[in-house]
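The next block holds one structure in the form of structure tokens; read it before the comments.
Both ligands and their constituent atoms are indexed starting at 1 by order of listing. Note that the structure is predicted; figures quoted are calculated from it, not measured.
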Amino acid sequence: MPEQIQTHAGRVALVTGGGRGIGAAIAAMLAARGARVAVLDADAALAREAAAACGGLAERCDVTDRASVDSACAAVEAALGPVDILVNNAGISPKPGGRASPIWEMPAEEWDQVIAVNLTGCWNLARRLTPGMVARKRGWIVNMASVSGKAWTPLVGSHYSATKSALIGLTRHWAGELGPHGVLVNAICPGRIMTPMARLVAPAVNEAIIANTPLGRGGEPEEVARAACFLTGPDAGFVTGTTLDVAGGWMMT
Ligand SMILES: NC(=O)c1ccc[n+]([C@@H]2O[C@H](COP(=O)([O-])OP(=O)(O)OC[C@H]3O[C@@H](n4cnc5c(N)ncnc54)[C@H](O)[C@@H]3O)[C@@H](O)[C@H]2O)c1
């Protein structure tokens, strides 16, 4: 099994929103490939469960709270050593009543919260961890964007697509800044991946997405995890500043 090849031995990885869904699958696959893994999640119980499943370290961390980010990162460094791999995966996509709010109905608090988690949260982690990566001339960052950051879909709110577009831009910018210092930065754009987030909408909505997906199915979290392992492993040594769709061909641009 490819997971058993120790491509990530000697690397310390930190995954935000790692308590369930895509993040939990990434944490598990990085651990199976030899990384020492920290699972960070705003939900401490989810973090503990996912970390226990992969032999990783659990830390409660709300990515919007800089004090929480700083203390969780310090705890990870103390327990596992300097962080080599940052997977900025935590994200939310509010759908009150099962659908995304259009701009004329969206509460300002909802806008602020999505920007805080999906965008500023990634910046908070990178701000805390990149000084060490630059000093060591070694690091890998993966930002979890979305195909909805590249093309329009009514399935998500304007806050969500704005943050995912921003992550694609941030990825290119950080790749440019950090490349000369030996740090690689890439983004993943998942399509419909069958996680608790995907189940916030009615089953008919997911069926419609699948009908428009050339590969004819939703993706599994493990399929995104394989992309994250590629982008943080030895096979992607000359890959930086790119976005990799893991979407079965849905919303190709
Ligand atoms: N599932 C999809 O179809 C899909 C598609 C495109 C992109 N994505 C992106 O992939 C990432 C993971 O999505 P998922 O489907 O696994 O979602 P999910 O809702 O199943 O899991 C998200 C995890 O993030 C945690 N989290 C939420 N807010 C947090 C915060 N402030 N600080 C720390 N942790 C927090 C949650 O507790 C949860 O464990 C997100 O960035 C999402 O936008 C998902």
**Asked** Do D43 and R20 meet the salt-bridge criterion of a basic N to acidic O distance under 4.0 Å?
**Response** no

**Prompt:** Does a donor on one side chain and an acceptor on the other come within less than 3.5 Å for T171 and N143?
**Reply:** yes

**Basic-acidic side-chain contact under 4.0 Å: R217, E223** = yes

**Fill in**
Expected contact list for ligand 1 at under 4.0 angstrom, heavy-atom basis, is G17, R20, G21, I22, D41, A42, L46, C61, D62, V63, N89, A90, G91, I92, V117, M144, A145, S146, Y160, K164, P190, G191, R192, I193, T195, P196, M197

**Message:** Could you check whether R138 pairs with D84 (Lys NZ or Arg NE/NH1/NH2 to Asp/Glu carboxylate O, under 4.0 Å)?
**Reply:** yes

**Prompt:** Is any NZ, NE, NH1 or NH2 atom of the basic residue among R99 and E105 found under 4.0 Å from an Asp or Glu carboxylate oxygen of the other?
**Reply:** yes

**Carboxylate-amine/guanidinium contact R192 E207, below 4.0 Å** = no

